[in-house]
Amino acid sequence: MLQAQSEANLTLDATGYTTSAKKRVFSRSELLNHPNRKMLKIPSDPSYPGQSMEYVVVPVTELFRGLDLPPDAVIEFKCTDGFAATISQSRILNEDSHRSTAYIAIEDPNKPWPSVKGGKSTAGPFYLVWDHPEVSAITQEEWPFQLASFTVKGSLKSIYPAIFPATNATSTVVRGFRVFTQNCFPCHTVNQQGPAQVGPDLNVPMNITEYFEAKALRALVRNPQKVRYFPNSRMSKFPETVLPNSELEDLIAYLTHMAGRKSTP
């Protein structure tokens with residue numbers, strides 16, 4: 001088992017978006033011995049609630065070093081369990097010390113990490129972690145574990161136009177769209193658009209606001225298991241410390257708005 005894990009690779013695919021090296025594959029041993037590796041302590045790890053963890057890490061920027069990416073390109077990550085999402089390059093490739101910095105944590109096969117809460121496996125072999133996540137308001141959904149690949153994509157609107165609100169949408173709906181892309185898009189699609197393969201589509205054939213009244217929807221977001229008993233549910237809790245009430249109301253406004261913008265590819 002450990003031998004198979006030790007041969008794990010992390011793939012970076014920039015095919016079609018750069019004239020430099022288009023595809024890079026990083027082995028676990030290569031990253032564990034990377035010249036820019038260091039130890040990083042995470043005081044409160046969202047994948048290991050209540051625990052302080054310490055990892056061998058390499059800055060995400062080192063994986064992308066030398067790639068000339070288009071300014072509007074987004075980066076899509078995928079995990080072995082089907083979890084997937086896009087993230088702006090300005091966020092994940094930040095090198096400003098005054099903002100949160102993204103790292104790849106690498107699991108040493110000889111020193112395996114604990115199993116994640118509610119799971120049978122660890123967060124490894126690769127895990128996206130952040131130094132000072134509070135500075136840039138990094139959400140818990142931006143800590144993907146069991147990471148498999150990064151893929152450079154076009155702008156979010158060019159890839160998934162059907163998830164966007166109308167151009168004349170209110171500021172509340174626009175804010176709610178941002179909340180959706182940060183917190184919900186890693187697991188859910190809208191109008192069958194998005195990379196996720198975990199949760200149901202939130203707009204078709206019925207919008208979630210059409211079968212959940214507002215009170216129940218708020219409760220579902222806060223703690224799914226308090227709304228319906230679903231032993232195999234993978235939906236995270238979103239307490240107010242993670243998702244303030246104002247952002248939850250913005251999210252509901254966006255979802256309600258999208259009920260009038262149903263489409264299928």
Side-chain angles (χ1 to χ4, degrees), residues 44-50 77-79 81-87 115-120 123 128 133-134 137-146 156 160 162-166 169-264:
S44 182
D45 193 315
S47 296
Y48 296 100
F77 60 75
K78 288 188 177 181
C79 304
D81 63 356
F83 189 78
T86 56
I87 188 169
S115 296
V116 294
K117 183 179 179 181
K120 297 181 180 179
L128 182 64
E134 70 285 352
I138 302 299
T139 69
Q140 62 185 12
E141 305 304 308
E142 294 176 292
W143 295 70
F145 54 76
Q146 297 172 9
L156 191 62
Y160 307 121
I163 70 172
F164 279 74
T170 65
S171 57
T172 302
V173 169
V174 172
R175 290 195 305 269
F177 172 65
R178 288 197 293 267
V179 175
F180 165 77
T181 55
Q182 284 191 337
N183 296 279
C184 312
F185 202 39
C187 293
H188 298 276
T189 57
V190 161
N191 290 329
Q192 296 184 302
Q193 289 199 349
Q197 301 175 14
V198 178
D201 191 281
L202 298 181
N203 203 42
V204 292
M206 290 183 69
N207 182 283
I208 191 170
T209 64
E210 295 175 318
Y211 56 88
F212 270 108
E213 62 179 24
K215 180 180 178 181
L217 182 54
R218 293 186 186 98
L220 179 73
V221 173
R222 291 296 183 215
N223 186 352
Q225 295 291 333
K226 284 192 173 181
V227 175
R228 53 187 178 189
Y229 180 59
F230 187 11
N232 296 319
S233 172
R234 293 161 65 184
M235 183 173 174
S236 304
K237 298 178 183 178
F238 288 88
E240 192 174 351
T241 52
V242 173
L243 187 69
N245 284 332
S246 60
E247 293 187 6
L248 177 54
E249 296 308 309
D250 290 342
L251 173 62
I252 293 174
Y254 162 73
L255 294 171
T256 303
H257 170 83
M258 293 306 291
R261 290 177 60 78
K262 293 181 182 179
S263 65
T264 52

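Note that the structure is predicted; figures quoted are calculated from it, not measured.
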- Note on the structure: NE2 (H188) and CD1 (I163) are apart, to the nearest 0.5 Å, by 13.5 Å

- Indicate yes or no for a side-chain donor-acceptor contact from H257 to the backbone of F177 under 3.5 Å, with no hydrogens or angles considered. no

- Item | Test log, rule side-chain contact (heavy atoms from CB on, under 4.5 Å), inputs V190 and Y254 | CA-CA 11 Å; V190 161; Y254 162 73; 4.0 Å; yes

- Exercise: do T139 and E142 side chains pair donor with acceptor under 3.5 Å: yes

- Atom pair CG/CG of L248 and N183 - distance to nearest 0.5 Å: 10.0 Å

- Item | Donor on one side chain, acceptor on other, N207 and R261, under 3.5 Å | no

- Here the gap from I252 atom CD1 to L217 atom CG, rounded to the nearest 0.5 Å, amounts to 4.5 Å

- Note on the structure: Rounded to the nearest 0.5 angstrom, the NZ-CG distance for K78 and D81 is 12.5 Å

- Query: Could you give the distance from CG (L251) to SG (C184), rounded to the nearest 0.5 Å?
  - Reply: 4.5 Å

- Message: What I want to find out is whether E247 reaches R178 closely enough, with some N-O distance under 4.0 Å, to be called a salt bridge.
- Response: no

- With a 4.5 Å heavy-atom cut-off, do Q193 and S263 have their side chains touching? no

- Item | Validation row: R228, L220 side chains within 4.5 angstrom (heavy atoms) | yes

- Euclidean distance, L156 CG relative to I87 CD1, rounded to 0.5 Å: 12.0 Å

- Say whether, by atom type as modelled, one donor and one acceptor occur between the side chain of D201 and the main chain of N191 under 3.5 angstrom. yes

- Message: Can you confirm whether R222 sits close enough to L243 that some side-chain heavy atom of one is under 4.5 Å from a side-chain heavy atom of the other?
- Response: yes

- Any side-chain heavy-atom pair of Y160 and T189 under 4.5 Å: no

- Query: Heavy atoms, side chains only, cut-off 4.5 Å: are W143 and L128 in contact?
  - Reply: no

- Do you see a donor-acceptor pair shorter than 3.5 Å between the side chains of T172 and D250? no

- Answer yes or no: is there a side-chain heavy-atom contact under 4.5 Å between F212 and L255? no

- Examine distances only and state if a side-chain atom of E141 and a backbone atom of C187 form a donor-acceptor pair shorter than 3.5 Å. no

- Would a 4.5 Å heavy-atom cut-off, applied to side chains only, mark F83 and F145 as touching? no

